[in-house]
Amino acid sequence: MHRSAFWALLFILFYTLSLSAQEGSLELNWRYQEGQSQNLEAWIYPANRAESCYILRSATILEVRLSEGRLKQNLPYNYEGDHLCVRLPAEADSKARIYIHYRIDWSSIEASAFIALLNPGIVLNALNIESSAANGDAGQLFPAPANDERQYIRLNLSMPENLRLESPLKAEFEVSKELQQSLFLKSEQAIRMSEFYLALGDFRHFDLDDVQENLADQNKILEDQKIEDFQNRHQALIHYIAREKEWMFTREGLLALSELKASTAIPSFPKKEDLKGSANHQAIQIAILEEYFSQDWPQHWAQFWKEQLGPEEWHVVLTKYKTAESENSLFWNHYMTYYLESKGLSWADTNRSLNPMDSLEIAKARFFQDSRKALVIDINYRLMARENRLYLYTEFADSNLNLPTEIAGQLSFQADSQRFNIKANLKPQDTLFIEIVEAPRSLYLDPDPWGLISWRENRPLTYLLYDLSQGPSPDIRRQALLKLLESAQPKLLTTVVGVALDSEDPELRKLGLEKFSSLRPGGKNRLRSSLEAMAQDEADVKLKQKAQELLLEMEP
């Protein structure tokens with residue numbers, strides 16, 4: 001019998017833990033002290049292990065730590081506007097919980113419309129005592145999931161012996177000692193904190209029906225507090241909607257909005273992780289936008305955040321998405337709007353008469369808004385010494401486009417360098433030139449600051465050789481070597497392969513070994529010492545083996 005009872009109990013505990021893991025759980029230690037600040041400890045097993053946000057009204061957070069059997073390191077958290085957000089470490093055990101030690105002052109309890117004070121005792125969410133219609137406020141005294149999800153609750157409550165408890169929690173056992181009683185309670189099912197209630201009092205002299213009757217007229221007060229809380233958290237969005245819709249919000253409208261559940265929709269631009277605030281707060285914002293703008297909510301989401309972030313932060317967001325080569329149409333619309341603003345223009349200017357240059361700029365913006373990627377422009381160079389000019393020949397695929405652009409960069413001469421800047425309306429095939437006094441050793445184009453143009457250069461051999469030996473950056477020298485390995489003639493290829501074999505870059509050494517076999521016998525012998533060094537000292541095992549194989553092939 002004892003063995004059977006043990007295994008039955010173990011099964012029940014395992015089943016309960018499995019449910020808790022799916023829906024989250026909350027365990028509380030609370031020593032109730034009449035008329036004093038309440039100190040509580042909470043162990044939270046969140047349903048969402050990536051980000052956990054909880055509502056906890058008017059609390060002073062004393063400690064937030066990782067709990068893995070025992071308490072461990074402090075966890076970073078954010079507590080703002082009665083919202084507490086904390087993340088479990090990625091390496092945390094699957095059974096790890098979040099430990100929170102907090103205090104709620106008695107003055108905050110007295111001020112709450114959702115807590116009624118008895119003499120002695122208190123009643124939390126009294127309107128739920130005879131109904132589970134979520135007439136209460138989540139986050140009073142106990143942490144509640146910000147998305148109003150259900151959670152299992154275990155409460156370890158210590159209180160004066162003369163008080164009684166009324167709650168949906170079921171007692172497991174109780175202990176009485178020195179005029180104090182300790183109750184150990186738990187929920188049999190997961191519960192929403194907005195449906196939860198709890199009453200502590202001397203019920204031998206106090207009728208709970210009277211409590212509910214006396215508090216029923218507070219329903220309007222509770223709704224007003226809910227509306228005020230909602231407005232405080234979403235004031236900017238409410239003002240945005242009122243302006244865009246020319247809408248005046250009524251009390252009933254705000255109350256309906258305050259009861260919206262978080263949306264599951266995921267915006268593509270800007271993404272929630274690139275913005276301020278918790279993921280749950282943003283999910284509520286999306287639900288509000290869906291309510292008022294239906295299918296157009298993504299456009300209003302982007303416009304709202306553009307206004308909230310301001311010009312500097314909005315520029316950072318745009319740059320990030322452009323760097324990631326986003327093809328999202330909404331992003332490109334905002335990116336080209338930003339581009340036009342830099343030129344003192346807007347899409348609305350298409351409806352008025354413009355000078356030819358402004359018309360071209362708007363055509364350019366519309367082209368990139370539609371294409372959603374950089375335009376590849378081929379560029380070739382030709383020196384005309386007699387004319388003291390360096391000609392630039394450009395070509396791109398779109399035959400119907402005139403492209404206002406700026407080509408800037410630097411010319412390197414034997415003794416110094418010279419900046420150049422050419423503004424032009426490029427046709428599909430065009431010819432430009434730079435005035436010079438001597439032949440440049442090399443030329444370096446600046447990248448397009450807007451990322452709208454990708455230059456594909458056909459660099460002369462003389463430029464590549466100069467880049468290889470004296471290029472101003474490691475990346476330029478590396479690109480020159482890669483190009484020369486592809487295109488160098490046999491006489492030059494031996495020198496280029498030698499540079500590759502001696503490079504610190506493993507990828508270049510690998511390319512050098514691959515080209516080694518195509519060298520003439522004389523060229524191979526010239527590089528024998530470099531190959532022997534690799535066969536002996538190369539850190540990369542595969543490259544070392546390849547060098548050894550090539551040496552064996554050279555043996556007579």
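- Side chains of F293 and P298 form no contact here, defined as non-hydrogen atoms less than 4.5 Å apart.
- With sequence neighbours excluded, no residue satisfies salt bridge (Lys or Arg N to Asp or Glu O under 4.0 Å) with E228.
- For the pair L519 and L493, the minimum side-chain heavy-atom distance is below 4.5 Å.
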Hey, mind stepping through I288 and F230 against side-chain contact (heavy atoms from CB on, under 4.5 Å) and telling me if it holds? CA-CA 11 Å; I288 297 169; F230 172 78; 3.6 Å; yes

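- Counting only residues at least two apart or in different chains, side chain to side chain donor-acceptor pair (under 3.5 Å) contacts with residues 286-298 comprise S263-E290.
- Summarising the geometry of Y321 relative to S268, their closest heavy-atom pair is CE2-O, 3.9 Å, with the distance given to 0.1 Å.
- The environment of CD in Q536 is sparse: at most 12 heavy-atom neighbours from other residues, nucleotides or ligands sit within 6.0 Å.
- Atom CD of E435 is surrounded by more than 12 heavy atoms from other residues, nucleotides or ligands within 6.0 Å.
- Judged by distance alone, the side chain of Q282 and the main-chain N or O of K276 form a donor-acceptor pair under 3.5 Å.
- Side chains of K306 and V317 form no contact here, defined as non-hydrogen atoms less than 4.5 Å apart.
- When every heavy atom of A146 is checked against every heavy atom of I55, the shortest pair comes out as CA-CG1, 4.0 Å.
- Taking the side chain as every heavy atom from C-beta outward, L461 and Q489 never approach each other to under 4.5 Å.
- Using a 4.5 Å cut-off on side-chain heavy atoms (C-beta onward), W347 and Q369 make contact.
- L340 and S346 make their closest contact through CD1-C, 4.0 Å (heavy atoms, listed as atom of the first residue, atom of the second, distance).
- With hydrogens and angles ignored, the 3.5 Å screen pairs no side-chain donor or acceptor of D358 with any backbone N or O of N355.
- When the shell of 6.0 Å around CD of E327 is examined, it contains 12 or fewer heavy atoms from other residues, nucleotides or ligands.
- Between R526 and T495 the shortest side-chain heavy-atom distance falls below 4.5 Å.
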Yes or no on side-chain contact (heavy atoms from CB on, under 4.5 Å) for E259 and K226, after CA distance, side-chain angles and deciding distance? CA-CA 9 Å; E259 294 172 349; K226 186 181 251 187; 4.0 Å; yes

Can you list the steps and then say if R233 with D229 is a salt bridge (Lys or Arg N to Asp or Glu O under 4.0 Å)? CA-CA 6 Å; R233 286 185 285 120; D229 179 64; 2.9 Å; yes

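- By the 30° and 60° cut-offs, the orientation of the rings of F269 relative to H334 is tilted.
- A donor-acceptor contact under 3.5 angstrom links the side chains of E457 and Y381, judged on distance only.
- With D467 as reference, R459 is the one residue of R477, R441, R459 to meet the salt bridge (Lys or Arg N to Asp or Glu O under 4.0 Å) rule.
- Using a 4.5 Å heavy-atom cutoff, the side chains of Y99 and L75 are not in contact.
- Within 6.0 Å of atom NZ in K322, more than 12 heavy atoms from other residues, nucleotides or ligands are found, so the atom counts as buried in its surroundings.
- For K524, the NZ atom counts as densely surrounded, since its 6.0 Å shell holds more than 12 non-hydrogen atoms of other residues, nucleotides or ligands.
- Using modelled atom types, one finds no donor on one side chain facing an acceptor on the other under 3.5 Å when comparing R478 with S503.
- Between W450 and Y335, the ring-plane angle classifies as perpendicular under the 30° and 60° cut-offs.
- The side chain to side chain donor-acceptor pair (under 3.5 Å) search around N78 returns none, not counting sequence neighbours.
- Within the 3.5 Å criterion, the main-chain N or O of A59 finds a donor-acceptor partner in the side chain of Y79.
- With E68 contributing its side chain and D93 its backbone, the two residues share a donor-acceptor pair below 3.5 Å.
- In this structure, CD1 in I377 is found 4.0 Å from CD1 in I453, a value given to the nearest 0.5 Å.
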Derivation of the salt bridge (Lys or Arg N to Asp or Glu O under 4.0 Å) call for K427 and D430: CA-CA 6 Å; K427 298 183 286 295; D430 219 327; 3.5 Å; yes

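- The neighbour count for E246 CD, taken as heavy atoms of other residues, nucleotides or ligands under 6.0 Å away, does not exceed 12.
- Residues P46 and L88 share a closest heavy-atom pair of CG-CD1, 4.0 Å.
- No donor-acceptor pair under 3.5 Å is formed between the side chain of W455 and the backbone N or O of P447.
- In R528, the CZ atom is crowded: over 12 heavy atoms of neighbouring residues, nucleotides or ligands sit closer than 6.0 Å.
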Is there a side-chain contact (heavy atoms from CB on, under 4.5 Å) between I61 and L56? Walk through the geometry before answering. CA-CA 10 Å; I61 306 299; L56 185 57; 4.1 Å; yes

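- Here R509 does not pair with D540 in a salt bridge; the nearest charged N to carboxylate O distance is not below 4.0 Å.
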Starting from the C-alpha separation in whole Å, work towards a yes-or-no answer on side-chain contact (heavy atoms from CB on, under 4.5 Å) for L390 and L411. CA-CA 10 Å; L390 176 67; L411 294 168; 3.9 Å; yes

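- In this structure, the side chains of L375 and F368 come closer than 4.5 Å at one or more pairs of heavy atoms.
- Other residues, nucleotides and ligands place more than 12 heavy atoms under 6.0 Å from the NZ atom of K72.
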